[in-house]
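This report refers to the structure that appears directly beneath it.
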Amino acid sequence: AQSVSQHNHHVILSEAASLELGCNYSYGGTVNLFWYVQYPGQHLQLLLKYFSGDPLVKGIKGFEAEFIKSKFSFNLRKPSVQWSDTAEYFCAVNVKAAGNKLTFGGGTRVLVKP
Amino acid sequence: DVKVTQSSRYLVKRTGEKVFLECVQDMDHENMFWYRQDPGLGLRLIYFSYDVKMKEKGDIPEGYSVSREKKERFSLILESASTNQTSMYLCASSLVTSGTYFGAGTRLSVL
């Protein structure tokens, strides 16, 4: 079965700092990849997704992610964070051969200091 | 906008009670899912469904069952609630070609 690892449980940084959240998955076949965000008190929202094509994916709110197939990675980046980016971020993988169910990483809590 | 609605935001139940969590989506999605979310563990899949009256076990189905009598509605059932089922429960729906959309969640406390 596939698994998803997020390397950092907690990240604390200042406004305007750059953010990179690591995500690795373990599955050798074709996958779809997602990043979701959960702001305090709110439900999960899709930030961006990768199905095929250009491995550099741009999402909402200035986020982007790069799929590196050889490294089984899908890291999330933002060049300059804002206080409003304080949230929990989840990486998720969907194995095409297994239908549409998602496997999630453990999540990374990001706190941006004003 | 896709809307996934969970009937309750907060529930408090006693050990041994039968608990129903209801979820409705309004986008005619074929796929529906129930996850639970616990700190440090991310989201774990309990059950999912690809079609009406069809269900598949996820990663942690023990102690749960589901019902999908209509395409838009997917219910999670705790036959006999236990304290280790205290958690945030998230319903989701999707099409194969799109992302997965989540409801606001139901925070269940079992005392």
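Labels below follow one simple rule: chain letters A, B, ... track the order of the sequence lines, proteins then strands, and each chain is numbered from 1.
- The number of heavy-atom neighbours closer than 6.0 Å to CZ of R14(B), taken from other residues, nucleotides and ligands shown, is 12 or below.
- Nearest heavy atom pair, residue F90(A) against residue Q37(B), reads CZ-NE2, 3.2 Å.
- More than 12 heavy-atom neighbours from other residues, nucleotides or ligands sit within 6.0 angstrom of NE2 on H7(A).
- Side-chain heavy atoms closer than 4.5 Å link hydrophobic residues (I, L, V, M, F, W, Y) into clusters, and following such links, possibly through other members, connects L13(A) to Y89(A).
- Under a hydrophobic-cluster definition in which Ile, Leu, Val, Met, Phe, Trp and Tyr are linked whenever side-chain heavy atoms come within less than 4.5 Å, directly or via other members, Y64(B) and Y35(B) are assigned to different clusters.
- Grouping the Ile, Leu, Val, Met, Phe, Trp and Tyr side chains by contacts below 4.5 angstrom, directly or via other members, places L45(B) with L44(A).
- S109(B) is linked by a side chain to side chain donor-acceptor pair (under 3.5 Å) to nothing, counting only residues two or more places apart in sequence or in another chain.
- If you take CE on M88(B) and NE2 on H43(A), they are separated by 11.5 Å, rounding to the nearest 0.5 Å.
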T100(B)/N94(A) under side chain to side chain contact (heavy atoms under 4.5 Å, CB included): CA gap, chis, key distance, verdict: CA-CA 10 Å; T100(B) 300; N94(A) 154 250; over 6 Å; no
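- Residue L41(B) touches chain A through its backbone alone, counting heavy-atom pairs closer than 4.5 Å.
- Criterion: ILVMFWY side-chain heavy atoms under 4.5 Å apart, direct or through other members. Under it, V37(A) and V112(A) are part of a common hydrophobic cluster.
- Contacts of R9(B) with chain A are made by side-chain atoms alone, with heavy-atom separations under 4.5 Å and no backbone atom involved.
- Residue Y50(A) is grouped with residue I60(A) when hydrophobic side chains (ILVMFWY) are merged at heavy-atom distances under 4.5 angstrom, including chains of intermediate members.
- Looking at Q38(A), only its side chain comes within 4.5 Å of chain B, counting heavy atoms on both sides.
- Interface with chain B: from residues 102-109 of chain A, residues L102(A), F104(A), G105(A), G106(A) qualify, criterion being any non-hydrogen pair under 4.5 Å.
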